[in-house]
Structure formats: C-alpha cells, structure tokens
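Throughout, protein chains are lettered first and strands after them, A, B, ... in sequence-line order, and every chain is numbered starting at 1. The shown structure was predicted, so the numbers you read here are calculated from the model rather than taken from an experiment.
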Protein chains: 2
Amino acid sequence: MRAPDCVTEKKQLTDDRRSDRVTIKDLALDLGISVSSVSRAFQPDSRISDSSRALVLRRAAELGYKANPFARGLVGRKTKIVGVLVSRISSSFYSEILNLVANRLSKDNITLMLVAGEHVHEIHDGLDMLMAYDPIALLVISSFASADSIAHSPSAREKIIYVHRTPADRDTLALAYDNFAAGEKVAEYLVGLGHQRLAYLSSGLESSSDQERSEGFSAFCAAHGLAAPHIIRSSGFSYEHGAAAAGEVVERLAEIDAVFCAADMLALGLLDAVRHGFGIQVPRQLSIVGCDDIAMTSWPSHSLTTLHLPRETIVNEIVRLIEDMSENRRPGNKLIRLACGGIVVRGSTGPKAA
Amino acid sequence: MRAPDCVTEKKQLTDDRRSDRVTIKDLALDLGISVSSVSRAFQPDSRISDSSRALVLRRAAELGYKANPFARGLVGRKTKIVGVLVSRISSSFYSEILNLVANRLSKDNITLMLVAGEHVHEIHDGLDMLMAYDPIALLVISSFASADSIAHSPSAREKIIYVHRTPADRDTLALAYDNFAAGEKVAEYLVGLGHQRLAYLSSGLESSSDQERSEGFSAFCAAHGLAAPHIIRSSGFSYEHGAAAAGEVVERLAEIDAVFCAADMLALGLLDAVRHGFGIQVPRQLSIVGCDDIAMTSWPSHSLTTLHLPRETIVNEIVRLIEDMSENRRPGNKLIRLACGGIVVRGSTGPKAA
DNA sequence: GTGAAAGCGCTAACAG
DNA sequence: CTGTTAGCGCTTTCAC
C-alpha cells in the first residue's frame with residue numbers, strides 16, 4: 001500500500017489536487033502495457049485475458065488507483081450518481097427512507113446528489129443541476145404539489161422516480177403505498193371498534209397520498225352504510241398543523257367518535273393538543289389514528305395507534321429500480337403500488353364509550 | 001426558449017443522453033465565434049468584452065446551454081460539489097442542519113454528495129468515493145468515534161470539516177458549539193433552582209460534545225463546592241437508550257435531584273420512562289434537562305427543559321467555510337467554537353422539593 | 001488479445 | 001480582446 005515508485009516527473013504540478021492522484025497512464029507505464037488494456041481490465045465484458053486483468057487489478061489496488069469519475073462521465077459511460085430532490089429532509093419518514101437508501105447504495109459505490117428546495121423555481125433549478133450530472137435516476141421525495149410538472153425535458157422525465165406520491169402525469173415512474181387500502185383498513189378498524197361518526201384530518205395540501213387515504217377511508221364508510229366522514233382540512237403536515245386543528249375537532253366532539261389523520265405528525269399534534277390543551281380523554285372521548293408509524297408514535301407519552309408503512313419494501317423497490325436503470329433496463333411498470341402494513345394498535349384508540 | 005436550430009448533424013447519436021444536450025461548441029458555431037470566447041464568457045474575471053459576454057450569456061440562456069460539470073471537473077477547475085459523510089441522517093438535529101445547509105448551497109449551485117455508512121470500513125470507502133469527485137469540502141456529520149482518523153490522505157484532511165465534534169487530530173477544521181459552557185450553564189441553572197445532587201446521563205460513546213458537556217457540568221459543581229455529579233453511562237444517543245437508563249436513575253432517586261442528559265433524545269427517553277414506567281413525578285421528584293432543543297422538546301406531552309443550540313450560527317459557519325474554501329481561501333481557525341444558546345425553561349424542571 | 005489514436009466538453013496557455 | 005492549440009483521464013473504435 002505504498003506510493004507509486006514509478007514516473008513522478010509530471011506529478012510536480014503546482015495544482016495541489018491531482019498531484020497525488022494516480023491515473024490510468026501511471027498504471028500503464030508502471031506495468032509496461034497500454035492504457036487501453038488497463039481500461040479494459042475495469043470493464044466487465046471486454047476482450048482481455050484473465051491474467052492481465054488480474055495483474056492490472058492487483059497493481060491498481062496496490063497503487064490506490066481510483067478511476068476519475070469526471071473522465072468517465074465525460075466519455076459517456078453511465079455515472080454512479082443518483083440525484084435526490086427533496087423539499088424537507090427533516091421530515092421523519094423521508095429522512096428514514098433516505099438514510100436507508102443511502103446506506104444501501106453506498107455499497108454499490110453509488111452516491112446520492114442532494115438538492116433541496118421549497119419553491120417551484122428552486123425545484124426547477126435543482127433538477128437542472130442534477131440532470132447536468134447525468135444521474136442514473138432522480139428520486140423526487142417531495143410533497144410539493146408542483147413537483148409533478150417539474151420535468152420539462154423528456155430525458156429528465158425518464159429518470160425521475162417519484163417516491164411516495166403518484167404523479168398526475170402517468171408516464172413517469174412512481175412508487176407509492178396503497179394508500180386507498182390504508183384508508184379502508186383504518187376505517188374498518190375503527191368501525192370494528194364500534195365507532196360510527198368518523199372524521200378525517202387532511203393536510204389540505206395537494207398530496208396524492210393524503211387524498212388517496214381520504215378516499216379509501218370514505219369508500220369504506222360508504223360501502224358499509226355509514227355517514228360520510230367529516231373532513232377537516234389543515235394546511236400542512238406538521239405537528240403544529242395537527243395541533244391547530246384541535247379546536248375544530250373539539251368543537252364538533254358531539255359529532256365525532258374517531259379521527260384518522262393523514263400523517264403521524266398531524267395525529268401527534270392533534271393528540272397532544274386535545275389532551276393537554278382541551279383536557280379531552282383519549283381514547284375515551286375520542287379515538288385518534290395516525291399513518292406512517294414513525295418512531296415517536298410508540299413513545300409511551302403518545303402511544304398513537306397508527307398504520308404501519310413497511311420501510312423495507314419501499315427501500316428495496318427504490319434500490320431495485322436504480323439498479324435496473326443503471327443497467328439501462330427501463331423498468332416496465334409505471335406506478336408501482338406497495339402494500340401498506342397493518343394497524344399498530346396502541347393507546348390512542350379504544351371501543352366506543354357507552 | 002426553443003431548441004437550437006443550428007447544426008444538428010452530429011446530434012443524431014444513438015446515445016440518448018447527449019443527444020439533446022447543447023455544448024459549448026454548438027454555442028460557438030451558432031454565434032460564429034470561437035469556443036474559447038464562449039468559455040471566457042462564463043469565467044468571472046477573464047479578458048472578454050462586455051458586449052460579447054452579454055451576447056454569449058443571452059444566447060446560452062435561450063438555447064438552454066449548461067456547462068458540463070464532468071468536462072469542467074476534468075480540466076481541473078473547482079467543482080460545485082460538497083461531500084457529506086453521515087452515519088445517521090435520521091438524527092433529528094443533524095437532518096435539520098443538513099436540510100438548511102442543502103437549501104443554502106443550492107442557491108450557489110452547489111450540490112451535496114451524500115454517503116452514509118455506519119462502520120469504519122464503510123466510512124473509509126465513502127470518503128474515497130467522495131474524494132474522487134474532488135469536492136470543495138467534506139462535511140463529516142457523524143458521531144462515530146473513528147471518524148477522527150478517517151482521513152488517510154493529506155488532501156482529504158484538508159477538505160474535511162467536522163461538524164459538531166472536535167477532532168482528536170487538531171489540524172483539521174472543525175465546528176462545534178461551546179459544549180463546556182453548555183454544561184456549566186445547565187449546572188448553574190439547576191443549582192440556582194436549589195438542586196445539589198446532580199447527575200449526568202452520558203451516551204457512553206466516544207463523543208466529544210458529550211464529554212465536553214459532562215466536563216463543564218462537573219466543573220461548575222467543583223467550582224461551587226458541590227459534590228461531583230453522579231455519572232450514568234448509557235450506550236448511545238437514542239430515545240431507547242435514555243429510557244433504558246431510567247431504572248438506574250430511579251434506583252438512585254434518593255441521591256439525585258436533577259439529571260442533565262447529553263442530548264435531547266436521551267432526555268426524552270428518560271423522561272417518558274421515569275414518568276410512565278416508574279410513576280415518578282417530574283419535576284417534583286426529579287428535574288430533567290436535555291440538550292440541543294429539537295422540535296419534540298416543546299411538545300406539551302414532553303415539555304422538556306433544554307439548552308438551545310442556535311441552528312443559524314452553525315449553518316452560517318458551514319456555508320461561510322465552504323464559500324471560503326471554494327475560493328481557495330483556506331480558513332485560518334482550526335477549531336471554531338460556536339456560542340451555545342440559553343436554557344429554554346419548560347415543564348421538566350422545577351425548584352427542589354422541600 | 002493487445003496497442004495506437006481519436007475524441008468526449010471544457011479550460012488554459014499561447015499567439016496575434 | 002479574440003482565435004488557435006494542446007491537453008485533463010478515460011473509453012472506444014480501429015488496426016494488428
């Protein structure tokens with residue numbers, strides 16, 4: 001693992017960066033073979049004898065040779081980059097996913113290129129920046145509504161994988177849980193508990209997952225002869241938004257037995273606010289159900305019943321899609337539906353009080 | 001904003017990627033000038049007339065020309081990439097910081113390259129991967145102990161910015177809050193409340209911030225004639241680790257008035273566990289203080305008193321350092337200390353019970 | 001199977 | 001101030 005003891009003349013450049021970097025040429029010179037042979041040694045299926053490949057690979061490891069990704073990118077080979085466009089990484093669910101994906105891809109020598117932006121033009125610019133690096137794929141993890149239409153160029157459209165949202169535009173790749181079924185499951189569970197006057201707390205944003213959950217929830221009610229759920233609209237997905245909705249919920253407590261929230265954060269905010277702000281007994285006076293199953297829901301201080309979304313399946317799908325795309329296999333399915341998990345019963349739900 | 005109507009002959013490559021991409025050459029041909037003039041138009045201080053620069057810039061915008069970062073990287077100009085090495089993005093505090101940094105840098109057209117890894121060899125490989133992209137800087141956001149010694153090559157060492165940890169190795173750049181002062185402040189606050197038998201809940205990991213907080217906490221006690229704080233060692237920074245420490249805390253409740261936790265997550269876990277698991281009254285029987293001021297601490301269900309760490313200052317410093325480094329100004333200070341914030345008094349602390 | 005040569009898109013000397 | 005030329009490190013024809 002020592003430094004190359006071969007040619008070092010041209011290494012004396014003033015430029016600090018490339019001075020210590022061993023190139024393919026150094027390797028070739030060192031081994032007394034041509035650069036093309038060295039290059040071939042790193043190409044999976046190229047005409048090169050096993051012996052010389054082994055030789056090159058060994059010496060490369062010794063000298064610490066690493067192919068220059070810029071040179072590779074320039075000649076047009078596929079990169080080892082996956083772009084990620086996020087609006088708020090700090091969202092607990094997304095950051096969990098991102099963490100897992102990053103971990104998995106790191107093992108394949110793939111790096112994530114992250115661009116964050118909240119506004120439309122930021123998203124646009126971010127996409128351009130990422131596209132310039134010719135990524136294998138482009139993960140769009142953003143609840144931002146206009147994210148649907150971000151892909152101006154067809155080449156971008158082909159690379160995008162929407163995560164956890166279904167695009168309006170049906171010919172782009174997307175990954176989403178079966179949110180409709182999630183809504184149904186929760187409704188079924190609550191009805192099973194004896195509740196009949198259900199409510200749904202929506203983010204109020206144009207989010208496909210929110211909308212689908214709401215629809216599934218309503219559909220179950222309709223199919224079982226129950227009154228349509230009372231829809232409460234907030235204006236975001238945060239804890240604070242949930243807390244802010246508490247007033248309206250409490251006001252209508254006479255007409256509401258149980259409320260299903262579009263996401264856990266909303267549910268936690270609502271739960272805390274009705275309990276601590278209004279002195280409501282949960283679940284005696286009101287049952288509350290969340291969705292996602294983020295870590296905080298299991299904390300004894302909250303103990304929120306919620307619908308679990310299996311992280312593994314979505315992470316596996318993401319990784320699989322990326323691997324496919326990196327081999328130029330454009331995956332067939334356009335919208336991939338992932339089964340949602342079951343209901344995790346905790347302390348925020350109970351049978352209807354007599 | 002229409003497609004270039006100039007030369008399109010060579011654009012008919014089978015390769016889908018570069019087919020729609022307009023290069024510097026296209027621009028030059030279109031404008032009837034040389035490629036170097038076009039190139040110069042994008043270089044901040046280069047000898048080019050204002051008129052031709054304006055011309056180039058305008059036409060470039062029209063044609064949607066974007067410089068190819070691979071070509072730029074290859075010729076040795078500084079990249080627009082900042083590497084990030086993380087162990088767990090999902091940590092609330094880190095993901096907040098990362099989010100803010102990403103947002104700010106996106107405006108400078110800088111992208112973050114993310115590599116995640118938990119184990120030593122992963123961290124090593126990750127660093128190599130990132131270094132290959134010749135990033136402006138390398139953010140190491142990892143409480144992982146061995147992160148100190150990850151920089152094998154001197155060129156890597158020069159790029160690293162340790163975030164929120166002080167490296168053992170004093171000649172690398174680092175950014176950290178004044179954790180010692182944080183410890184002192186908390187001790188002072190608790191003592192002011194009348195507490196005398198203090199305890200410190202440590203992560204038990206080799207974390208500089210943890211250690212420094214502990215030292216500041218102890219130092220204040222020593223300086224004021226109090227008994228040395230009782231140190232409780234956990235084995236991580238998570239909520240679960242905090243909860244797991246509850247048993248030991250409760251056992252020694254006779255000797256402990258108040259406990260300062262190395263981080264908010266630990267404090268929240270402890271708080272919930274002593275309350276819900278052991279029926280302890282907080283703060284009547286025990287005061288608990290956290291550190292960091294993450295979002296959850298303000299939730300009414302926890303209402304954790306904590307020491308605030310101002311996000312803006314650390315984010316500003318990070319961005320400033322990166323901008324400096326991107327202009328080849330290697331910042332002078334090696335370890336930059338950031339003032340910690342004040343104590344946010346909430347419901348988990350109170351005066352010593354009589 | 002291997003080597004020589006061309007070229008990816010861009011910048012940085014050089015001339016003029 | 002502008003154009004010409006020579007590479008950056010790598011892959012990929014094309015010969016042999």
Whole angstrom value for the distance that separates [atom2] of [N] from [atom1] of [X]:
X: B/Leu27; N: C/dC10; atom1: CG; atom2: P; result: 9 Å
X: A/Phe70; N: C/dT11; atom1: CZ; atom2: C1'; result: 15 Å
X: A/Asp134; N: C/dC8; atom1: CG; atom2: C1'; result: 12 Å
X: A/Lys80; N: D/dT11; atom1: NZ; atom2: C1'; result: 16 Å
X: A/Asn68; N: D/dG9; atom1: CG; atom2: P; result: 7 Å
X: A/Leu29; N: D/dG9; atom1: CG; atom2: P; result: 13 Å
X: B/Lys78; N: C/dT11; atom1: NZ; atom2: C1'; result: 12 Å
X: A/Tyr65; N: D/dC10; atom1: OH; atom2: C1'; result: 7 Å

Can you name the residues that form a side-chain contact (heavy atoms from CB on, under 4.5 Å) with [X], not counting sequence neighbours?
X: B/Glu317; answer: B/Leu175, B/Arg320, B/Ile336, B/Leu338
X: A/Val35; answer: A/Ile24, A/Lys25, A/Ala28
X: B/Ser52; answer: B/Ile48, B/Ser49

Practice prompt. For B/Arg311, check salt bridge (charged side-chain N to carboxylate O under 4.0 Å, His left out) against everything at least two apart and list the hits.
Written response: B/Glu96
Worksheet item: By salt bridge (charged side-chain N to carboxylate O under 4.0 Å, His left out), which residues pair with A/Glu122, not counting sequence neighbours?
Response: B/Lys107
Discussion item. Rounding to 10°, can you tell me the angle the first-five-pair axis of the helix from C/dG1-D/dC16 to C/dG16-D/dC1 makes with its last-five-pair axis?
Written reply: 40°
Discussion item. Under the salt bridge (charged side-chain N to carboxylate O under 4.0 Å, His left out) definition, can you give me all pairs with a residue in residues 33-52 of chain B, not counting sequence neighbours?
Written reply: none
Fill in: Among D/dG9, C/dA12, C/dC10, the nucleotide that comes nearest once only the side chain of B/Leu74 is considered
D/dG9
Worksheet item: Any idea which of D/dG9, D/dC10, C/dT11 is nearest the A/Ile24 side chain?
Response: D/dC10
Worksheet item: For C/dG9, does OP1 or OP2 lie under 4.0 Å from any side-chain N or O of B/Arg72?
Response: no
Worksheet, complete the sentence: What one should report as the nearest heavy-atom pair of A/Ala156 and A/Leu127 is CB-CD2, 3.9 Å
Worksheet item: Charged N to carboxylate O below 4.0 Å: is that the case for A/Lys80 and A/Asp108?
Response: no
Worksheet item: Does any pair with a residue in residues 46-68 of chain A pass ring pair (Phe, Tyr, Trp, His ring centres under 6.0 Å), and if so which ones, sequence neighbours excluded?
Response: A/Phe42-A/Tyr65
Item to complete: Could you check which residues of residues 31-41 of chain A get a heavy atom under 4.0 Å from DNA chain C? Sort them by number, please.
Response: A/Ile33, A/Ser34, A/Ser36, A/Ser37, A/Arg40
Practice prompt. Go through residues 42-54 of chain A and report each residue with a non-hydrogen atom lying under 4.0 Å from DNA chain C, sorted by number.
Written response: A/Arg47, A/Ile48, A/Ser49, A/Ser52
Discussion item. For A/Ser39, give me all partners under side-chain hydrogen bond (donor to acceptor under 3.5 Å, both in side chains), at least two apart in sequence or on another chain.
Written reply: none
Worksheet item: For B/Arg329, which residues count as a side-chain hydrogen bond (donor to acceptor under 3.5 Å, both in side chains) partner, sequence neighbours excluded?
Response: B/Asp324, B/Glu327
